**Q** 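This structure is in structure tokens; I'll ask about it shortly.
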Amino acid sequence: MNKDSKIYVAGHRGLVGSAIMRKLQQEGYTNIITRTHKELDLTSQAQTQEFFEKEKPEYVFLAAAKVGGIHANNTYPADFAYINIMIESNVIKASYDYGVKKLLFLGSSCIYPKLCPQPIKEEYLLTGPLEKTNEAYAIAKIAGLKMCQYFNRQYGTKYISVMPTNLYGPNDNFDLETSHAFAALLRKFHEAKINNKPYVEVWGTGTPRREFLHVDDLADAVVYLMNNYDENEPLNIGTGKDITIKELAGLIKEIVGYEGEIKFDTTKPDGTPRKLLDVSRLHATGWKHKIELREGIQSTYEWFKGNWK
Ligand SMILES: NC(=O)C1=CN([C@@H]2O[C@H](COP(=O)(O)OP(=O)(O)OC[C@H]3O[C@@H](n4cnc5c(N)ncnc54)[C@H](OP(=O)(O)O)[C@@H]3O)[C@@H](O)[C@H]2O)C=CC1
Ligand SMILES: C[C@H]1O[C@H](OP(=O)(O)OP(=O)(O)OC[C@H]2O[C@@H](n3cnc4c(=O)[nH]c(N)nc43)[C@H](O)[C@@H]2O)[C@@H](O)[C@@H](O)C1=O
């Protein structure tokens with residue numbers, strides 16, 4: 001990308017899209033175009049085609065999607081499959097039709113089989129059954145990354161796909177029903193502290209292991225990869241380190257300064273037992289994360305206290 005290349009960030013107000021915006025602006029990119037969901041519904045083929053025809057972006061970061069935590073994924077599988085497949089199909093096809101030079105597609109670590117060997121290498125894709133709580137979303141994301149590869153093969157496009165681990169940071173979704181674990185736990189411990197609640201409820205058994213990456217690191221990685229990665233194979237993005245949900249809850253509790261108890265609600269699902277990414281191919285590109293988890297929790301908590309309402 002040149003500093004004046006026309007860059008479309010789809011989903012620019014979300015957790016990932018807003019971090020990509022900050023990164024591009026910091027690095028001096030001056031020609032970024034955006035549309036809110038209300039201005040452009042990417043599930044509409046007609047609206048998407050019209051937008052690409054008019055704007056003709058040169059580079060596309062596809063960070064618009066229907067996203068949510070374990071409960072949302074498990075409750076609304078039709079929405080997760082339908083909306084994501086529509087957005088991907090429309091943006092990928094319009095990018096081809098209107099000559100986009102390069103597109104970066106955001107997948108997710110949940111595309112890998114539920115009981116994969118750990119750490120998960122990119123080649124384990126489609127080698128076993130998926131985790132049921134997010135199967136619909138995973139199927140949609142697999143369709144997206146495969147479609148990128150098929151367009152590259154048939155039409156010679158330059159589409160790359162990345163598979164990030166669980167993300168957190170500013171502009172996350174803190175709704176307790178639909179959010180991911182990190183955001184929910186940060187809010188729960190904060191509210192329990194200010195309301196003097198005797199305990200915080202953590203879903204599931206606390207034994208599942210997850211890998212957490214700060215979204216500013218993710219944005220740094222995707223801008224770097226847009227400029228430096230051209231392979232057809234999807235690339236994992238993570239830290240290469242994981243912890244249990246119980247350990248995460250303990251860390252957040254400590255950083256928030258909450259002194260009550262933690263209770264586990266085992267009526268809630270655990271999801272996949274472990275999904276630690278193998279990041280050796282990512283490291284071989286020359287990129288590595290910078291923000292460690294403790295520091296990331298601290299800065300996200302500061303952001304949350306100042307910005308979340
Ligand atoms: N969060 C995570 O832990 C992870 C996220 N990812 C991937 O990163 C990407 C972004 O996720 P994240 O930032 O967390 O999600 P968010 O929910 O924070 O943001 C999604 C964005 O997509 C927009 N959007 C949704 N539907 C439409 C639509 N029909 N038309 C136009 N825009 C739409 C939303 O706009 P609006 O707000 O106006 O509705 C919002 O800006 C996704 O592809 C996700 O799979 C991958 C791994 C982990
Ligand atoms: C990124 C990834 O995110 C999703 O997968 P997930 O990692 O299983 O999602 P999660 O972050 O919501 O939960 C992680 C773990 O944490 C536990 N947990 C404890 N307490 C709370 C809690 O209060 N809220 C939530 N949501 N989970 C909690 C929860 O029970 C589970 O064991 C995919 O659907 C898919 O969208 C995807 O790609």
Side-chain angles (χ1 to χ4, degrees), residues 9-21 34-44 47-48 51 61-74 77 79-80 82-84 86-88 90-91 104-112 114 131 133-138 140-141 144 161-169 171-189 200-213 215 218-219 222 237-238 244-246 248-249 252 262 264-275 277:
V9 179
H12 71 288
R13 293 196 300 187
L15 171 69
V16 170
S18 63
I20 296 175
M21 293 294 291
T34 58
R35 291 290 185 282
T36 63
H37 186 170
K38 217 171 154 195
E39 291 163 342
L40 169 60
D41 181 355
L42 293 169
T43 64
S44 158
Q47 286 184 33
T48 309
F51 167 75
F61 289 91
L62 181 40
K66 171 84 179 159
V67 179
I70 193 165
H71 177 68
N73 268 273
N74 207 16
D79 294 350
F80 276 81
Y82 174 76
I83 294 171
N84 286 315
M86 292 301 282
I87 292 176
E88 293 157 12
N90 290 338
V91 174
L104 183 142
F105 172 70
L106 279 141
S108 161
S109 61
C110 72
I111 60 162
Y112 294 111
K114 174 175 180 151
E131 156 63 26
T133 55
N134 55 34
E135 186 189 78
Y137 177 76
K141 289 291 176 185
S161 297
V162 297
M163 303 301 130
T165 186
N166 291 46
L167 304 170
Y168 67 92
N171 301 320
D172 207 342
N173 166 18
F174 291 94
D175 179 284
L176 296 179
E177 287 290 302
T178 60
S179 64
H180 291 99
F182 185 103
L185 293 176
L186 193 68
R187 177 174 166 188
K188 284 184 187 176
F189 281 107
V200 163
E201 229 164 53
V202 175
W203 294 356
T205 59
T207 57
R209 302 184 70 87
R210 293 290 183 273
E211 176 184 1
F212 295 96
L213 179 73
V215 75
L218 186 270
V222 296
I237 306 187
T244 65
I245 293 297
K246 186 177 178 188
L248 175 73
I252 295 179
I262 294 177
F264 292 95
D265 177 359
T266 53
T267 65
K268 296 286 200 300
D270 269 346
T272 263
R274 191 175 190 199
K275 44 178 175 177
L277 293 176

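From a predicted model like this one, the values you see are computed outputs, not experimental measurements. Order of appearance sets the numbers: ligands from 1, and atoms from 1 within every ligand.
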**Q** Can you tell me the protein heavy atom closest to atom 36 (O) of ligand 2 and the distance?
**A**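 Looking only at protein heavy atoms, the one closest to atom 36 (O) of ligand 2 is Gly68 O, 2.9 Å.
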
**Q** How long is the gap from CG on Leu185 to NE2 on His180, to the nearest 0.5 Å?
**A**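 Spacing of CG (Leu185) from NE2 (His180) equals 12.5 Å.
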
**Q** Within a distance under 4.0 Å of any heavy atom of Leu40, pick out the atoms of ligand 1 and give their elements.
**A**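 By the 4.0 Å cutoff, the relevant atoms are 30 (N), 31 (C).
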
**Q** Any idea which protein heavy atom is nearest atom 6 (P) of ligand 2, and the distance to it?
**A**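 For atom 6 (P) of ligand 2, the nearest protein heavy atom comes out as Arg210 NE, 3.7 Å.
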
**Q** Once rounded to the nearest 0.5 Å, what's the spacing between atom OH of Tyr137 and atom CD of Glu135?
**A**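 It comes to 14.5 Å.
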
**Q** Ignoring hydrogens, just give me the one of His180, Glu131, Arg187, Glu211 whose non-hydrogen atom is nearest atom 1 (C) of ligand 2.
**A**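 When every heavy atom of His180, Glu131, Arg187, Glu211 is considered, His180 comes closest to atom 1 (C) of ligand 2.
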
**Q** Are any of the heavy atoms in Thr165 under 4.0 Å away from ligand 1?
**A**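 Yes, Thr165 has heavy atoms under 4.0 Å from ligand 1.
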
**Q** Report, in ascending order of atom number, the atoms of ligand 2 lying under 4.0 Å from any heavy atom of Val202.
**A**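 Checking each atom against Val202, I get 19 (C), 20 (N).
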
**Q** Any nitrogen or oxygen of Gly14, main chain or side chain, under 3.5 Å from a nitrogen or oxygen of ligand 1?
**A**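 Yes: some nitrogen or oxygen of Gly14 is under 3.5 Å from one in ligand 1.
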
**Q** Can you sort out which atoms of ligand 1 are near Ala63, meaning under 4.0 Å from one of its heavy atoms?
**A**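 Reading through ligand 1 atom by atom, the close ones are 9 (C), 10 (C), 20 (C), 21 (C), 22 (O).
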
**Q** Any nitrogen or oxygen of Leu15 lying under 3.5 Å from a nitrogen or oxygen in ligand 1? Just yes or no.
**A**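 Between Leu15 and ligand 1 (N or O atoms, distance only) the closest approach is under 3.5 Å.
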
**Q** Quick one: look up the protein heavy atom nearest atom 30 (N) of ligand 1 and list residue, atom name and how far away it is.
**A**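 Checking every protein heavy atom, the shortest distance to atom 30 (N) of ligand 1 gives Leu42 N, 3.0 Å.
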
**Q** Arg13 near ligand 1, heavy-atom distance under 4.0 Å?
**A**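 Flag set, Arg13 near ligand 1.
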
**Q** Short check: is a protein heavy atom less than 4.0 Å from atom 34 (C) of ligand 1?
**A**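 False for atom 34 (C) of ligand 1.
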
**Q** Hey, does Val67 come in under 3.5 Å of ligand 1, counting only N/O atoms on both sides?
**A**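 Such a contact does not occur with ligand 1.
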
**Q** Is the closest side-chain heavy-atom distance between Phe182 and Asn166 below 4.5 Å?
**A**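 The answer is no, as the side chains (C-beta and beyond) never meet within the 4.5 Å cut-off.
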
**Q** Do Asn166 and ligand 1 have an N or O pair less than 3.5 Å apart?
**A**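 No.
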
**Q** Give me the residue, atom name and distance of the protein heavy atom closest to atom 10 (P) of ligand 2.
**A**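 Going atom by atom, the protein heavy atom closest to atom 10 (P) of ligand 2 ends up being Ala181 N, 3.6 Å.
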
**Q** Please confirm whether Ile87 comes under 4.0 Å of ligand 1, counting heavy atoms of the residue only.
**A**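 Distance cut 4.0 Å: Ile87 passes for ligand 1.
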
**Q** List ligand 1 atoms under 4.0 Å from Tyr137, heavy atoms only on the residue side.
**A**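 So the answer, numbered in order with elements, is 44 (C), 45 (O).
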
**Q** How far is atom 26 (N) of ligand 2 from the closest protein heavy atom, and which atom is that?
**A**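 Looking at atom 26 (N) of ligand 2, the protein heavy atom closest to it is Ser179 O, 2.9 Å.
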
